[in-house]
Q: 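Take this structure, written in structure tokens, and hold onto it; I'll ask about it next.
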Amino acid sequence: MTRNLNKTYDPTGFEKRIYEEWETEGCFRAEIDEDRKPYTIVMPPPNITGQLHMGHALDQTLQDVLIRWRRLQGYCALWLPGTDHASIATEVRVADELLAREGKTKEEIGREAFLERVRAWKELYGGRITEQQRRLGNSCDWERERFTMDEGCNKAVVEFFVRLYEKGLIYRGKRMINWCPVCGTSLSDAEVEHEDIAGNYWYIHYPSADGGKGIVVATSRPETMFGDVAVAVRSDDERYKDLIGKDVILPIAGRKIPVIADPYPDPKKGTGAVKITPAHDPNDYEVGRRHGLPEIVCMNFDARMTDEAGQYSGMDRFECRDAWVKALDEGGYLVKTERVSIPVGRCYRCDATVEPMLSNQWFVRMETLAQPAIAVAKDGRLSHVPERFEKIYLHWLEDIRDWCISRQLWWGHRIPAYYCETCGEITVAREKPHTCSACGGGAFRQDEDVLDTWFSSALWPFSTLGWPEKTPDLSYFYPTSVLVTAYEIIFFWVVRMVFSGLECMGECPFEHVFIHGLVRDSSGRKMSKSLDNGVDPIQVIDTYGADALRFMLVNGSSPDSDMRYSEDKMESSRNFANKLWNAARFVIMNSDDETGSEDDFAPDEAALRPEDRWILLKVNEAVAEITRNMEKFELSLALQKTCELIRDAYCDWYIEMVKERLYGEDEDLKRAARSVLVAVLSDLLRLLHPYMPFITEEIWGCLGKDGRLIADRWPSYDEGMRERYAEDSAKIETAMGIIRAVRNIRAEAEAPPARKLTVTVVADDAAQADIIESTAGHIERLANVSSIVALVSGASETRTKIPEEAMTAVVSGAEIYVPLDDLLDFAAERERLAREKEKLEGEIKRLSAKLANEGFVSKAPQAVVAKEREKLAKAEDNFAKVAARAEAIRDK
RNA sequence: GGGGGCAUAGCUCAGCCGGUUAGAUCGCUUGCUCGACAAGCAAGAGGCCACUGGUUCGAAUCCAGUUGUCCCCACCA
């Protein structure tokens, strides 16, 4: 049974229905099947706070294309979805809401009450994004959906933490860390974004304690002066040699601090003398440690000054800076101010300026963990697509510092460390301990902090498959096949998954990292909330359909660069869908009896006509190329080829050629044409399905096929076809050349389109003439020609039969004459011939020069030289023909 | 301070492991309601492939440099 299609493509009419059918029929489910190879992708989990944006749409479309393609190829394809608890982002969001609605801070309602609200919030909004993903057409296995804070992931996180701790790879200590005063938490290095801003170097005079001339230091952060404990210079710096060991006075504050010698200062930067503030600068911290200097904290975690800042105590850091500079200036200590660009670190979540602060935190020791992760990239067990990202990956790992994993937040995995209430001893354990191993006490307090969100994301490729349990899923689906993600996320996530996977599983969590760019707006700007230039994928789907969106995203994306969104692109994508829709309508309307349950058709070789072989061969060759492209992750190229095949080969040529038979009376001819139409369309649908799953499935259903397209098979390449079909295929190509030439002549001469033309063709030889005769039907029909006469070049009667006054064209293997009686325009013909001559002259000149070149003839491969010779001969031949024609009608 | 990408038709982009007459979409021009499709069809205009050198018989393609542009990394005197 077939269903008829509506005249116009309307995706809203079927996308939702089809998705529901797939889901209820279990089409996305990956059942372990030892007879088949697994193909696994774990989805980068979107934040529960998130709405689906264009970045997700691109990321997930690429994954769905790969999954659907491999599923068609017969792999046991698992795409595992999930969401991320997004510690900071969610906590900030819920806290903001609490403040806005009830005027309370999270501290005021307390930890448990706050977490209760976050959980409620998650229940309410956490599922929203997964509904949006369904609109996109994601064929992920929803029954395996996970959440980074569900029971299993939680267990994995604790297990990983304890194991690393037991191996000495996790430690707690007071270190210089990045602190976000607005979010109120520490950050890892990856979470700090660097930016150059316009700032100042303030040159400040520190007077000498013994009445000497003192020393001038430059600083961009004068408010940290209250934490100064020394001024450092290089021991070999002639300017300051005499001061080493002496004291200088901290201006206004009046505190005495020593001038010390240290290799850290760079004599070329600033004044060559550096103020040392160990509690507020990572370099100074190191210097301070080397010299046993005190660490004076002059700024609190809320970025307000401490009592060390005297009268500025309690003041905001930047207000203090202004006031303090003013005071220094008035006191005569400010030597000069220099406008410079200053690099600052910003919090990746809230954009606040990060402060280096001394704080007790938990860290992962990275050196030993990084080594295997470096090795897998170098020895090829992990490959980056495109390749150049490997360098970025390696550079980060080779330069890595310890990872600060504790966060002063509430929403997240709480650190499994317990402090004895009696003696303070730390116990790290899977469960809360009963007795303290140090003092035997029984009362414990769990660490207040939670873990960095990325600590749990790092385990995603195996925690979602059951780790630390040895589940069947884990052994079958791990390691996964490919990780698809934006380049932004390499450091946060990819690197950490690799070393965690190697540590826990002994195997790299994925074979390939497929990296794509960002989706920007139509003028190339990053889509952002502040610019309000974001485009909502759901609205785009409502307007154009999910297939059109997916088409646009893949077609426009090359792996390593950003792409732009535009309405124009959406329209042309939708138009393509409409084109396919109508082609399918045509096939269905004409093939009522032929479609149905039997698998495609059994082509009766003998019944095939040249155009049938031409299109079958065309598709066959394309299958090989497209498959190769997809294996190399060249999805956009593969899609372009599929698209070209559908639009150009199938719609514009094959369907037009086949109409002759369909509208004729001969039932046998009709049947063959119909079966090829359906067979080719079926393969085209298979090729396009990964990219445009809805429309292809809908058409598939209307063809009355057994089963779903999603569960069908990828077309296979027939190696012998080229040899079998090449001859017929070439006939069609010849006819196409003639059709194009006649159309061109008609347009040039501005002949009335409805007017039938008579065409005389002079073929190079008898065989060619036969070919042209045999395809005369196509030429007549597609070029609107009433009769065609094929002559053989050089044959005795040929000369007499060539129309005296005609427009001509030269195609491969033949000359074409259209009598001017049909066209009535000599001037146009002369002009056209002149242009043709000029073009051929240029080509002859170029080719002759090339062949006259000794070097070329002797050094280039013989095949290339022969090809060029052939081209030249043909061009010269054509030129002679054109010149003769031009001469013949010179005076008409 | 270090590293990388990009520069091709009016726009957005392909092509780039060397050898075609350098392609596509949108836009533009002309013509066309002919029994799938005007969300269409046919024909056409439009490019010193950023610049300068080099390698080569041959460069949009490989190499070096220049300019412009975007990005990433970097403990910020």
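What's counted below: heavy atoms across the whole structure, side chains too, no hydrogens, waters or symmetry copies. The sequence lines fix the lettering, A, B, ..., with proteins before strands; numbering per chain opens at 1. Everything numeric in this text was worked out from a predicted model, so none of it was measured.
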Q: Which whole-number value in Å describes the distance from M589(A) CE to G35(B) P?
A: 11 Å
Q: Which distance, rounded to the nearest 0.5 Å, do you find between the CG of L187(A) and the SG of C404(A)?
A: 8.0 Å
Q: Between A24(B) and A14(B), how far apart are the P atoms? Round to whole Å, please.
A: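 Between the two P atoms, the distance is 16 Å.
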Q: For each nucleotide in nucleotides 37-47 of chain B, reading 5' to 3', give B when a protein heavy atom comes within less than 4.0 Å of its base, S when such contact involves only the sugar-phosphate, and - otherwise.
A: BSBSSSSS---
Q: I'd like to know if K659(A) and E656(A) make a salt bridge, using a cut-off of under 4.0 Å between side-chain N and carboxylate O.
A: yes
Q: If I pick the C1' atom on A74(B) and the same atom on U69(B), what distance separates them, to the nearest angstrom?
A: 22 Å
Q: Between A22(B) and G31(B), how far is it from one P atom to the other, in whole Å?
A: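 Comparing P positions in A22(B) and G31(B) gives a spacing of 29 Å.
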Q: Any carboxylate oxygen within less than 4.0 angstrom of a Lys/Arg side-chain nitrogen, looking at D652(A) and R647(A)?
A: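 Salt bridge flag = no for R647(A) with D652(A).
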Q: Assign R525(A) to base, sugar-phosphate, or nothing according to its heavy-atom contacts below 4.0 angstrom with the strands shown.
A: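 The residue R525(A) makes no contact with any strand.
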Q: Is R564(A) paired with D521(A) through a side-chain N to carboxylate O contact shorter than 4.0 Å?
A: no
Q: Under 30°, 30 to 60°, or over 60°: which ring-plane class applies to Y663(A) and F586(A), parallel, tilted or perpendicular?
A: perpendicular
Q: Base, sugar-phosphate, or nothing for Y544(A), non-hydrogen atoms under 4.0 angstrom?
A: nothing
Q: From CE of M657(A) over to P of C34(B), roughly how many Å is that when rounded to an integer?
A: 23 Å
Q: Suppose you measure atom P in G23(B) against the same atom in C16(B); what distance do you get, rounded to whole Å?
A: 14 Å
Q: In whole Å, measure the gap between the C1' atoms of C49(B) and G18(B) for me.
A: 15 Å
Q: Using atom P of each nucleotide, how far apart are A9(B) and A60(B) to the nearest Å?
A: 15 Å
Q: Check every strand shown and say whether R221(A) touches a base, only sugar-phosphate, or nothing at a heavy-atom separation below 4.0 Å.
A: nothing
Q: What is the distance, to the nearest angstrom, from the CZ atom on R520(A) to the P atom on G5(B)?
A: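 Result: 17 Å.
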Q: Would you measure the distance from the P atom in G19(B) across to the matching atom in A59(B) and give it in whole Å?
A: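 Those two atoms are separated by 11 Å.
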Q: From R869(A) CZ over to L872(A) CG, what is the distance, rounded to the nearest 0.5 angstrom?
A: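 So the gap between those two atoms works out to 9.5 Å.
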Q: For Y691(A) and F551(A), run ring pair (Phe, Tyr, Trp, His ring centres under 6.0 Å): C-alpha distance rounded to whole Å, both residues' side-chain angles, the deciding distance at 0.1 Å, then the answer.
A: CA-CA 6 Å; Y691(A) 303 90; F551(A) 182 97; 8.3 Å; no
Q: Between E660(A) and R781(A) (salt bridge meaning N to carboxylate O under 4.0 Å), is one present in this structure?
A: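 No.
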Q: Nearest-Å distance, CG (L872(A)) to P (G58(B))?
A: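 Going from L872(A) (CG) to G58(B) (P), I get 19 Å.
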Q: Can a salt bridge be assigned to the pair E191(A) and R346(A) using a cut-off of 4.0 Å between side-chain N and carboxylate O?
A: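 A salt bridge is absent here (no side-chain N lies under 4.0 Å from a carboxylate O).
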Q: At 4.0 Å (heavy atoms only), tell me whether K569(A) reaches a base, stays on the sugar-phosphate, or touches nothing.
A: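 Sugar-phosphate: the residue K569(A), judged by heavy atoms under 4.0 Å, touches backbone atoms but no base.
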Q: Measuring only the C1' atom in each nucleotide, how far is G46(B) from C70(B)? A whole number of Å is fine.
A: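 Here G46(B) and C70(B) have their C1' atoms 28 Å from each other.
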Q: Mind running a 4.0 Å heavy-atom check of residues 270-280 of chain A against RNA chain B and sending the residues that fall below it, in number order?
A: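 Residues of residues 270-280 of chain A that come under 4.0 Å of RNA chain B are, in numerical order, G270(A), G272(A), V274(A).
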Q: Is it true that E644(A) and K641(A) make a salt bridge, defined as a side-chain N closer than 4.0 Å to a carboxylate O?
A: no
